[in-house]
Amino acid sequence: MLRPVTPAAEKRLRIGQVARQLGVEPYVLRFWEEEFPQLQAARTTKGQRYYTEEHVRLLEKIRHLLYVEKLTIKGARQKLEGAEAVHVPLEAIRRELEDIRRLLIRKP
């Protein structure tokens, strides 16, 4: 049985680790944080950035849009916002279906 991931159990990566993984400099990640509202690194109590696996997936997508698809920052931002517009309603539908499923399971 899978256990839900709690924030304490979630893998946290520092900016240098993520930068090396993506093949960019840390200042690039800081710049992307300013340019892409979807990307907000969490911070430790001392103010150091750390990234979760979800952040890394988003950063990989941003890197792909900018470096492989050769989109501008504005174009990449628009493409990500379009993907979010599809993802948010799908997530709401998924939650609603899960609620319905729970109701059906409870009923004899």
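We use all heavy atoms of the structure for the numbers below, so side chains are in, but hydrogens, waters and symmetry mates are not.
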| remark: Heavy-atom nearest pair, Leu58 first then Gln38, reads CD2-O, 3.6 Å
| note | salt bridge (Lys or Arg N to Asp or Glu O under 4.0 Å) filter on Glu69, not counting sequence neighbours, yields Lys79
| Say you draw a straight line from OG1 of Thr52 to CZ of Arg12; how long is it, rounded to the nearest 0.5 Å? | 9.5 Å
| said: I'd like to check Leu59 versus Arg63 (side-chain heavy atoms, cut-off strictly below 4.5 Å). Are they in contact? | reply: no
| field | Side chain proximity check, Arg77 to Thr72, heavy atoms < 4.5 angstrom | value | no
| said: For Gln21, give me all partners under side chain to side chain donor-acceptor pair (under 3.5 Å), at least two apart in sequence or on another chain. | reply: none
| task | With Asp99 as reference, evaluate Arg102, Arg101, Arg95 under the side-chain hydrogen bond (donor to acceptor under 3.5 Å, both in side chains) test and give the passing residue. | result | Arg102
| request: Quick one: pull up CG in Leu29 and CD1 in Ile15 and give me the separation to the nearest 0.5 Å. | output: 5.0 Å
| request: Rounded to the nearest 0.5 Å, what's the gap from NE2 on His55 to CD on Gln40? Could you check? | output: 8.0 Å
| query | Got a sec, which pairs hit salt bridge (Lys or Arg N to Asp or Glu O under 4.0 Å) with one end in residues 23-34, sequence neighbours left out? | reply | Glu33-Arg49
| task | Kindly give the heavy-atom pair with the smallest separation between Leu13 and Lys11, and that separation in Å. | result | CD2-CE, 3.7 Å
| remark: Interatomic distance, CG@Leu22 vs CH2@Trp32, rounded to 0.5 Å, equals 6.5 Å
| task | Please round to the nearest 0.5 Å and tell me the distance separating atom NZ of Lys70 and atom NE2 of His64. | result | 11.0 Å
| If you group Ile, Leu, Val, Met, Phe, Trp and Tyr by side-chain heavy-atom gaps below 4.5 Å, do Tyr27 and Phe31 land in one group? | yes
| field | Minimal non-hydrogen separation, Ala19 against Pro26, with atom names | value | CB-N, 3.8 Å
| field | Under the side chain to side chain donor-acceptor pair (under 3.5 Å) test, residues paired with Arg14 that sit two or more places apart | value | Gln48
| task | Starting at CZ of Phe36, measure out to CD1 of Ile73 and round the result to the nearest 0.5 Å. | result | 4.5 Å
| Candidate pair Tyr50 and Val18, rule side chain to side chain contact (heavy atoms under 4.5 Å, CB included), full reasoning | CA-CA 9 Å; Tyr50 70 86; Val18 176; over 6 Å; no
| query | Under the side chain to side chain donor-acceptor pair (under 3.5 Å) test, which residues partner Glu98, sequence neighbours left out? | reply | Arg94
